[in-house]
Novice: 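If you scroll down you'll find the structure; I have some questions about it.
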Amino acid sequence: MYDIEALYEASSVENAVELLQEHPDAIVIAGGSDVLIKIREGKLAGCSLVSLQKLDELRGVNMDEDGTLRILPLTSFSHITKNPLIQEHINVLGEAVDMVGGPQIRNIGTIGGNTCNGVTSADSGSTLVAYDAIMEITGPNGKRQLPISEFYVKAGKVALEPAEILTAILIPKESYNNCKGHYIKYAMRNAMDIATLGCSVNVRLSQDKKTVERLRIAYGVAGPVPMRAPTAEAKGAGKPASEETAALVAKAALEDVNPRDSWRASKALRLQLVEELTKRAFIKAVELSGGAL
């Protein structure tokens with residue numbers, strides 16, 4: 001059933017990098033929910049794998065001394081959703097990954113794999129983009145950090161160089177402090193379906209909860225990679241936390257996106273969804289922040 005030439009099990013991050021240098025054509029496997037399907041379908045027949053499965057050092061969610069949330073890439077979707085730090089500071093990410101597949105997939109699928117696939121429909125992608133995530137990458141030359149906006153290169157491709165692996169997803173304190181967010185996934189079915197469009201919005205309100213101090217909006221499937229909406233964000237910043245602002249921001253978002261026609265949905269439908277989901281997610285984020293519209 002699974003045509004695999006060789007499986008190498010890494011014993012540490014350093015060993016994983018060494019194995020990828022020794023076997024440059026090998027594919028990294030974490031949870032396996034995507035890679036194993038591709039092997040079974042024959043798309044990766046005869047491949048070699050470098051498994052990260054035993055690297056517990058890459059599991060969990062921690063907080064650095066400066067308040068940065070450190071999300072480790074082998075953390076499963078289920079553990080993201082249930083993690084106390086996620087629930088307290090960026091609960092919208094837990095809600096977003098809780099929409100991935102079914103319980104079995106969420107128990108084995110990892111947030112690192114979901115991101116490194118580079119697909120625009122990944123349910124974690126838009127929320128991580130909306131929170132200005134920084135990707136920590138480890139390779140033969142040590143560690144480097146890259147804004148998530150630069151990590152996504154094009155559809156299905158991320159900025160990992162040969163023998164590099166993702167070792168952390170960092171959310172700076174400034175990106176989540178006093179912010180509340182909401183994610184909406186539109187799909188043709190209510191469960192076990194890929195997003196036709198995903199929209200993640202988070203806001204920081206003024207102390208009196210009447211003004212939008214900061215606004216972040218990001219989408220999946222509104223372009224070839226998960227993407228921010230800078231025009232819409234600028235339109236909303238400093239405006240009253242109102243339904244009028246929600247409508248203004250939603251309309252402005254149409255200037256930022258570039259959805260395509262596909263067999264799952266037309267460009268026209270996706271543009272309609274961009275406007276409607278942005279408005280709804282903005283209103284919900286304001287309500288979660290204590291605002292009254």
Novice: Does Lys54 have more than 12 heavy atoms from other residues, nucleotides or ligands lying within 6.0 Å of its NZ?
Specialist: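 Incorrect, the count does not exceed 12.
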
Novice: Find the distance between OG (Ser48) and CG (Asp25) and round it off to the nearest 0.5 Å.
Specialist: 8.0 Å

Novice: Should the heavy atoms of other residues, nucleotides or ligands under 6.0 Å from CD of Glu57 be counted, would the total exceed 12?
Specialist: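 Above 12, so yes.
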
Novice: To the nearest 0.5 Å, what is the distance between OG on Ser76 and CD1 on Ile108?
Specialist: 10.0 Å

Novice: Are the side chain of Ser175 and the backbone N or O of Ile171 linked by a donor-acceptor pair below 3.5 Å?
Specialist: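 No, because the side chain of Ser175 does not come within donor-acceptor range (under 3.5 Å) of the backbone of Ile171.
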
Novice: Can you list the residues that meet the side-chain contact (heavy atoms from CB on, under 4.5 Å) rule with Glu174, with sequence neighbours excluded?
Specialist: Arg204, Arg214

Novice: Minimum heavy-atom separation for Ala30 and Thr110, please, with both atom names.
Specialist: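 That closest heavy-atom pairing would be CB-OG1, 3.8 Å.
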
Novice: Report the residues that fulfil side-chain hydrogen bond (donor to acceptor under 3.5 Å, both in side chains) with Ser206, sequence neighbours left out, ordered by chain and then residue number.
Specialist: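 Scan of Ser206 (side-chain hydrogen bond (donor to acceptor under 3.5 Å, both in side chains), adjacent residues dropped) gives Asp208.
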
Novice: Under a 3.5 Å cutoff, is there a donor and acceptor pairing between the side chains of Ser266 and Asp261?
Specialist: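 No, no side-chain donor-acceptor pair sits under 3.5 Å.
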
Novice: Going by ring-ring contact (aromatic ring centres under 6.0 Å, His included), name the pairs with one or both residues in residues 81-122, residues two or more places apart or in two chains.
Specialist: His89-Tyr176

Novice: Mind checking whether Ile184 and Leu254 sit in one hydrophobic cluster, side chains of I, L, V, M, F, W, Y counted as touching below 4.5 Å?
Specialist: yes

Novice: Applying side-chain hydrogen bond (donor to acceptor under 3.5 Å, both in side chains) as the test, list every pair that has at least one member in residues 279-293; sequence neighbours left out.
Specialist: Glu276-Arg280

Novice: Quick check: closest heavy atoms across Ala10 and Asn15, and the distance to 0.1 Å?
Specialist: CA-OD1, 3.3 Å

Novice: Show the nearest heavy-atom pair for residues Ile134 and Gln145, with the distance to one decimal.
Specialist: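 Ile134 and Gln145 have their closest heavy atoms at CG2-CB, 3.7 Å.
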
Novice: The criterion is side-chain hydrogen bond (donor to acceptor under 3.5 Å, both in side chains); which residues satisfy it with Asn62, sequence neighbours excluded?
Specialist: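 By the side-chain hydrogen bond (donor to acceptor under 3.5 Å, both in side chains) rule, Asn62 matches no residue at all.
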
Novice: Could you go through the side-chain hydrogen bond (donor to acceptor under 3.5 Å, both in side chains) check for Arg106 and Thr81 one step at a time?
Specialist: CA-CA 10 Å; Arg106 293 194 292 271; Thr81 302; over 6 Å; no

Novice: Can you find a pair of side-chain heavy atoms, one from Cys199 and one from Tyr186, that are under 4.5 Å apart?
Specialist: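 Result no, sub-4.5 Å side-chain heavy-atom pair not found.
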
Novice: Can you confirm whether the side chains of Asn117 and Asp34 place a donor and an acceptor under 3.5 Å from each other?
Specialist: yes

Novice: Please examine the side chains of Ser124 and Asn114, heavy atoms only from C-beta on, and report whether any two atoms are closer than 4.5 Å.
Specialist: yes

Novice: Would you check if the side chain of Arg216 reaches a backbone N or O of Val129 as a donor-acceptor pair within less than 3.5 Å?
Specialist: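 Not at all, since once roles are kept as given, no pair shorter than 3.5 Å links the two residues.
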
Novice: If you apply the rule side-chain hydrogen bond (donor to acceptor under 3.5 Å, both in side chains), what do you find for Ser200 with Ser126, and how did you get there?
Specialist: CA-CA 6 Å; Ser200 188; Ser126 55; 4.9 Å; no

Novice: Among the clusters formed by ILVMFWY side chains lying less than 4.5 Å apart, do Val203 and Leu288 turn up in the same one?
Specialist: no

Novice: Looking only at non-hydrogen atoms, find the nearest pair between Ala246 and Phe282 and report the distance.
Specialist: CB-CD2, 3.3 Å

Novice: Is a donor on one side and an acceptor on the other found under 3.5 Å between the side chain of Ser262 and the backbone of Arg264?
Specialist: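 The answer is yes, because a donor-acceptor pair under 3.5 Å joins these two groups.
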
Novice: Could you give the distance from CD (Glu244) to CG (Leu293), rounded to the nearest 0.5 Å?
Specialist: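 Taking CD in Glu244 and CG in Leu293, the distance rounds to 8.5 Å.
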
Novice: Is a side-chain donor-acceptor pair under 3.5 Å present for Asn91 with Glu95?
Specialist: yes

Novice: Could I get the full list of side-chain contact (heavy atoms from CB on, under 4.5 Å) partners for Glu161, not counting sequence neighbours?
Specialist: Arg144, Glu164

Novice: Which pairs with one or both residues in residues 116-140 pass ring-ring contact (aromatic ring centres under 6.0 Å, His included), sequence neighbours excluded?
Specialist: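 Non-adjacent pairs meeting ring-ring contact (aromatic ring centres under 6.0 Å, His included): zero.
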
Novice: Between Leu52 and Phe77, is there shared hydrophobic-cluster membership here, with clusters defined by ILVMFWY side-chain heavy atoms closer than 4.5 Å?
Specialist: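 No, it is not one cluster - the side chains of Leu52 and Phe77 are not joined through contacts under 4.5 Å.
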
Novice: Mind checking side-chain hydrogen bond (donor to acceptor under 3.5 Å, both in side chains) for Thr138 and listing every partner two or more places apart, or none if nothing turns up?
Specialist: Thr167

Novice: Run the numbers on Cys47 and Ile39 for side chain to side chain contact (heavy atoms under 4.5 Å, CB included), then give the verdict.
Specialist: CA-CA 8 Å; Cys47 68; Ile39 294 173; 3.7 Å; yes

Novice: Give the minimum heavy-atom separation between Ala45 and Asp3, together with the two atoms involved.
Specialist: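 Smallest heavy-atom distance, with atoms named: CB-OD2, 3.6 Å.
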
Novice: Assess whether side chain to side chain contact (heavy atoms under 4.5 Å, CB included) is satisfied between Leu128 and Thr115, documenting all intermediate values.
Specialist: CA-CA 9 Å; Leu128 292 174; Thr115 308; 3.8 Å; yes

Novice: Quick test of your reading: applying ring-ring contact (aromatic ring centres under 6.0 Å, His included), list the pairs with at least one residue in residues 15-34, sequence neighbours left out, ordered by first then second residue.
Specialist: Tyr8-His23

Novice: As an exercise, state the distance from CD1 of Ile90 to CG of Asn83, rounded to the nearest 0.5 Å.
Specialist: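 Those atoms lie 11.0 Å apart.
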
Novice: Please name all residues satisfying side-chain hydrogen bond (donor to acceptor under 3.5 Å, both in side chains) with Lys251, sequence neighbours left out, ordered by chain then number.
Specialist: Glu275

Novice: Assigning hydrophobic clusters by single linkage (Ile, Leu, Val, Met, Phe, Trp, Tyr; side-chain heavy-atom cutoff under 4.5 Å), is Val221 placed with Val257?
Specialist: no

Novice: May I have the step-by-step check of side chain to side chain contact (heavy atoms under 4.5 Å, CB included) for Gln53 and Ile29, ending in yes or no?
Specialist: CA-CA 8 Å; Gln53 186 60 228; Ile29 183 170; over 6 Å; no

Novice: Taking all non-hydrogen atoms of both residues, which atom of Ala265 and which atom of Leu269 are closest, and how far apart?
Specialist: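 That closest heavy-atom pairing would be CB-CD2, 3.9 Å.
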
Novice: In a table with atom names and distances, give each donor-acceptor pair under 3.5 Å that connects a side chain of residues 64-72 to protein atoms at least two apart or in another chain.
Specialist:
| residue | atom | partner | partner atom | Å |
| --- | --- | --- | --- | --- |
| Asp64 | OD1 | Arg70 | NE | 3.1 |
| Asp64 | OD2 | Arg70 | NE | 3.4 |
| Asp64 | OD2 | Arg70 | NH2 | 3.1 |
| Asp66 | OD1 | Thr68 | N | 3.0 |
| Asp66 | OD1 | Thr68 | OG1 | 2.9 |
| Asp66 | OD2 | Thr68 | OG1 | 3.3 |
| Arg70 | NH1 | Glu136 | OE1 | 3.0 |

Novice: Return yes if a side-chain donor-acceptor contact under 3.5 Å exists between Tyr219 and Thr120, otherwise no.
Specialist: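 No.
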
Novice: For Met99, does its backbone N or O pair with a side-chain atom of Lys185 as donor and acceptor, under 3.5 Å?
Specialist: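 Indeed, once roles are kept as given, a pair shorter than 3.5 Å links the two residues.
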
Novice: Going by distance alone, is a donor N or O of one side chain under 3.5 Å from an acceptor N or O of the other, for Ser78 and Asn107?
Specialist: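 Ser78 vs Asn107: donor-acceptor pair found between side chains.
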
Novice: Can you name the one residue among Leu74, Val61, Leu93 that meets side-chain contact (heavy atoms from CB on, under 4.5 Å) with Ile111?
Specialist: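 Among the candidates, only Leu93 passes.
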
Novice: Between Thr75 (side chain) and Gly60 (backbone), is there a donor-acceptor pair under 3.5 Å?
Specialist: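 It does hold such a pair.
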
Novice: With the 4.5 Å side-chain cut-off for hydrophobic clustering, are Leu160 and Val153 part of the same group?
Specialist: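 Each belongs to a different hydrophobic cluster.
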
Novice: Run the side chain to side chain contact (heavy atoms under 4.5 Å, CB included) check on Val201 and Leu215 step by step: do they pass?
Specialist: CA-CA 7 Å; Val201 174; Leu215 173 63; 3.8 Å; yes

Novice: Mind jotting down which residue pairs meet the salt bridge (charged side-chain N to carboxylate O under 4.0 Å, His left out) criterion with at least one end in residues 217-233? Sequence neighbours excluded, please.
Specialist: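 Sorted result for residues 217-233: Asp132-Arg228, Arg228-Glu233.
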
